[in-house]
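A note on names: the letters A, B, ... follow the listed sequences, proteins ahead of strands, and every chain is numbered from 1.
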There are 4 protein chains.
Amino acid sequence: MLPAGQPKFRRRKADRPDEIVAAAFEVFGEKGFAAARLDDIAARAGVSKGAIYLYFATKEDIFQAVVEQGVAPNLQNLAALAAANPQNFPDLLRGVARMMAHMASTTPLGGIIKMVVGEARNFPELARVWHDRLIVPALGTLTAVIAAAQARGEVQPGDPRLYAVSLISPLLVGVIWRETFTPIGAEPFDLAGLMEQHVETLLRGMVP
Amino acid sequence: MLPAGQPKFRRRKADRPDEIVAAAFEVFGEKGFAAARLDDIAARAGVSKGAIYLYFATKEDIFQAVVEQGVAPNLQNLAALAAANPQNFPDLLRGVARMMAHMASTTPLGGIIKMVVGEARNFPELARVWHDRLIVPALGTLTAVIAAAQARGEVQPGDPRLYAVSLISPLLVGVIWRETFTPIGAEPFDLAGLMEQHVETLLRGMVP
Amino acid sequence: MLPAGQPKFRRRKADRPDEIVAAAFEVFGEKGFAAARLDDIAARAGVSKGAIYLYFATKEDIFQAVVEQGVAPNLQNLAALAAANPQNFPDLLRGVARMMAHMASTTPLGGIIKMVVGEARNFPELARVWHDRLIVPALGTLTAVIAAAQARGEVQPGDPRLYAVSLISPLLVGVIWRETFTPIGAEPFDLAGLMEQHVETLLRGMVP
Amino acid sequence: MLPAGQPKFRRRKADRPDEIVAAAFEVFGEKGFAAARLDDIAARAGVSKGAIYLYFATKEDIFQAVVEQGVAPNLQNLAALAAANPQNFPDLLRGVARMMAHMASTTPLGGIIKMVVGEARNFPELARVWHDRLIVPALGTLTAVIAAAQARGEVQPGDPRLYAVSLISPLLVGVIWRETFTPIGAEPFDLAGLMEQHVETLLRGMVP
DNA sequence: TATGAATGAGTTTTCATTCAT
DNA sequence: CATGAATGAAAACTCATTCAT
């Protein structure tokens, strides 16, 4: 991560905002927006409270940066999904599901989702950003793929948008479960296994 | 300020706690725990701030009451599920799905789920109550029904717990969607329609 | 206490104020004025909070009644002291000391003293009532007795007012000790024994 | 509001806690714990209310600091008492009395005593600190000195602990008087003169 | 009279934001 | 740029007092 040749423990100023956002992401994810304290964020970022205000004007601005920054990496995956070469439909769906399960397992998607869901009423703009920039395109792409398969006769009749929701829902629920109930000792779900069984079952039901 | 002839005091002790919980439910559902102000709850309940403290010792206690009160009504539906006469498996599943969709459409389940998910880290006890009293029994009953059908050869092999999650996930996602994105103008989902298509598709994939 | 012929458990209205004052005395004595809650007083008096306001206009009024009522019984003892037939001086002093020790042991004098001392700054009027009506007369009478004995040559030269303070101080300290340190497990003082030894010693030093 | 040129912030972290405790001591001494307002303490310390919470978590903590800080300076005097070279008993007692009278005249002992006595029921821990760390050692040392003198035949038989109380009581009463009745115009006592006459009288009664 | 639910002003406590250093 | 002590507005909580019953 650090540029080669830079002293290892000399933090570059340019990294500060990202470090703050990263720390803020953790704290917001754990406590929610209102319950998160600037003190905590500063401590976790290893900076003073005052330093945060060199980069962000208000607590809200930090939150916006966190949630908006959560959109970006997923957008790339979305592009990859759209560009997937469409072999046959079942394999495409399997590939998509596997990719999403991997993404869900390796990124802090759960924290982001909690924030967006929990603070949508207080920060409608954030909900809008997520809806417009990520969810609608992703759902739209998946819906289009399904509709195309229907047109080719590879998928049973039915609302393709609902098929898309059917497909991804267990992943979302699994991620939420991980954030909500696993910390209190609940039995966790294996996301990959869940999605594999789910997709196989759904596929058997979707193909004619 | 007060309309002439309106008594300043009302004296309806028996009703008050419920009124306060109802108001608190709304405010917590809109703002989350930390951002909710006692003033708002009091105003919405039509009482003074002080009156709240006649019935609840702290803000946390109100929140507990709200979330715990959300468990009870669902428990009845759970009992109904457990007592369903098992005719054939597909019809049983269809009945369950229809019942849950109806419940999700007519109760403020979404608000409760948002609260439980959003505040689980801050109030693990609440997550535990929901997990132990509602989710595990519900998921367990559904899992048992599926496992029984598997034993009778009516359902394909596979982890019955994962089948159960597959089944109910779109409902949860639909409810969350309603709370999160519908308020900003997103296209809503018809929960009943979503569940119907989902269950039919899944059933075709589950039966041998 | 109750008039004969009255049903035993039928409380007479006329007793209410006294019962309230008695309860208030306990609570004020334990908590001090500001920390005492009307709820506690009402509960201990066995009346409703509202009932208190039928007899007292404010919390301060109750406090005044408590402290002023604490003056009265002591005034009688003061009169007795003044009227004591003066035999010889040592026996007079012994009698006075014994009487005061008995009084201190059988009345809640400690609580009253704590109140007067603790709230003198907040309620100077109360300090004034106690000073003018009880302390100055008592100290004056004692001083006069000592001065008279000096005039008869029965007591060494010296400021008779200071002799008076020397005489009664251990009693006050003993009472304060009882209120302050005995409740936390400190070794108590036997007031009668303390005063007896004190007076005998002092007498040996006072007489020529 | 602020005079031009006055900085709004002061930055004197090291001094602050002591300034706050000093201000709190005054306010608690005047009003008692419950009636003291944080606003007053802050104003008297010349800081904002919020600044207090940088150093003390609760109002109780401030009070504890105040009362515990009152123990320390007296401990030194106690050590001096214990180390006094015992010449002959009367001179030792005279020295002790003079030292204590001086201490009582130059330190805010009266305020502290009022607090400890007035709040002992509400804060038993404080009473315990004072009892264990100051009063018992002091009384014990004095008692031992008297007992030793008795063993040498320099003091009449009698309970040495009671003799000790006899000795110091007028000082305590004088200090309490100063706090309670002098502010309302009562005739003050000259503590030094009181103790001198008291000790001389008592000595004449104590020696055989 | 008596009750006790209800009020609302007042107090403690929190914390985003500012600013002297 | 960076710090963190200090601020002050806002929020939770308390409780003397009121008043419909």
Side-chain angles (χ1 to χ4, degrees), chain A residues 11 13 16 34-43 46-62, chain B residues 2 6-17 34-42 45-62, chain C residues 11 13 16 34-43 46-62, chain D residues 2 6-17 34-42 45-62:
Chain A
R11 257 209 305 264
K13 296 165 193 172
R16 281 283 157 85
R37 287 180 305 130
L38 267 300
D39 278 301
D40 291 345
I41 295 173
V47 298
S48 69
K49 216 177 356 167
I52 293 178
Y53 283 86
L54 297 173
Y55 305 101
F56 302 92
T58 67
K59 189 186 181 185
E60 256 191 65
D61 286 354
I62 310 172
Chain B
L2 288 171
Q6 285 290 347
K8 188 170 162 195
F9 290 38
R10 280 201 291 161
R11 280 190 88 80
R12 292 191 286 127
K13 178 171 171 67
D15 302 337
R16 280 289 147 84
R37 290 181 307 125
L38 267 303
D39 280 304
D40 291 344
I41 295 173
V47 296
S48 68
K49 219 179 347 170
I52 293 179
Y53 286 89
L54 296 173
Y55 305 101
F56 302 93
T58 66
K59 189 183 177 185
E60 258 189 65
D61 284 355
I62 310 171
Chain C
R11 255 210 305 266
K13 295 164 194 174
R16 281 283 156 87
R37 287 179 306 129
L38 268 298
D39 279 301
D40 291 344
I41 295 172
V47 298
S48 69
K49 215 175 359 166
I52 293 178
Y53 283 85
L54 296 172
Y55 305 102
F56 302 91
T58 67
K59 188 184 181 185
E60 257 190 65
D61 286 354
I62 309 172
Chain D
L2 289 171
Q6 285 291 345
K8 190 171 164 193
F9 289 39
R10 279 202 289 160
R11 280 191 87 79
R12 292 191 288 130
K13 178 172 171 67
D15 302 338
R16 280 289 147 84
R37 289 180 306 124
L38 268 302
D39 280 305
D40 292 344
I41 295 173
V47 296
S48 68
K49 224 179 341 171
I52 293 178
Y53 284 88
L54 295 173
Y55 305 101
F56 302 93
T58 66
K59 188 183 178 185
E60 257 190 67
D61 284 354
I62 310 172

From C-beta outward on [X], which listed nucleotide comes closest to its side chain: [options]?
X: D:L54; options: F:dA6, F:dT17, E:dA2; answer: F:dA6
X: A:K59; options: F:dT3, E:dA2, E:dA16; answer: E:dA16
X: A:K49; options: E:dG8, F:dC1, E:dA16; answer: E:dA16
X: A:A51; options: E:dT7, F:dC13, F:dT3; answer: F:dT3

Side-chain heavy atoms of A:V47 within contact of A:R16, under 4.5 Å:
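Of all side-chain heavy-atom pairs linking A:R16 with A:V47, at least one is under 4.5 Å.
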Which whole-number value in Å describes the distance from [X] [atom1] to [N] [atom2]?
X: D:Y55; N: F:dA6; atom1: OH; atom2: C1'; result: 8 Å
X: B:I62; N: F:dA11; atom1: CD1; atom2: C1'; result: 13 Å
X: D:I52; N: E:dT12; atom1: CD1; atom2: P; result: 9 Å

Neighbours of DNA chain F within residues 35-43 of chain C, by heavy-atom distance under 4.0 Å
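Nucleic-acid contacts, sorted: C:A36, C:R37, C:L38.
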Please identify each residue that fulfils salt bridge (Lys or Arg N to Asp or Glu O under 4.0 Å) with A:D39, with sequence neighbours left out.
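Once residues adjacent in sequence are excluded, the partners of A:D39 under the salt bridge (Lys or Arg N to Asp or Glu O under 4.0 Å) criterion are A:K49.
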For DNA chain E, what are the stems built from at least three Watson-Crick or G-U pairs in a row, each pair having both distances below 3.5 Å?
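So the stems come out as E:2-21 with F:2-21.
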Distance-minimising heavy-atom pair for D:Y55 and D:P17
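Reported closest heavy-atom pair: CD2-CG, 3.7 Å.
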Give the minimum heavy-atom separation between C:A35 and D:A34, together with the two atoms involved.
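So the two residues come closest at N-CB, 3.7 Å.
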Toward the 5' end of DNA chain F, by each residue's nearest nucleotide, C:Y53 or D:G50:
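It is D:G50 whose nearest nucleotide is closer to the 5' end.
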How many angstroms lie between CD1 in A:I52 and CG in A:L38, if you round to the nearest 0.5 Å?
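Rounded to the nearest 0.5 Å, the CD1-CG separation comes to 5.0 Å.
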B:I62 CD1 to B:I41 CD1 distance, which is reported to the nearest 0.5 Å:
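It comes to 5.0 Å.
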Apply side chain to side chain contact (heavy atoms under 4.5 Å, CB included) to B:T58 and list each qualifying residue two or more places apart in sequence or on a separate chain.
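Checked B:T58 against side chain to side chain contact (heavy atoms under 4.5 Å, CB included); matches are B:E60, B:D61.
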Establish, with yes or no, whether the OP1 or OP2 oxygen of E:dG4 is under 4.0 angstrom from a side-chain nitrogen or oxygen of C:S48.
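The answer is no; no side-chain N or O of C:S48 sits under 4.0 Å from OP1 or OP2.
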Please confirm whether the shortest side-chain N or O distance from C:R16 to OP1 or OP2 of E:dT1 is below 4.0 Å.
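Negative; the distance criterion is not met.
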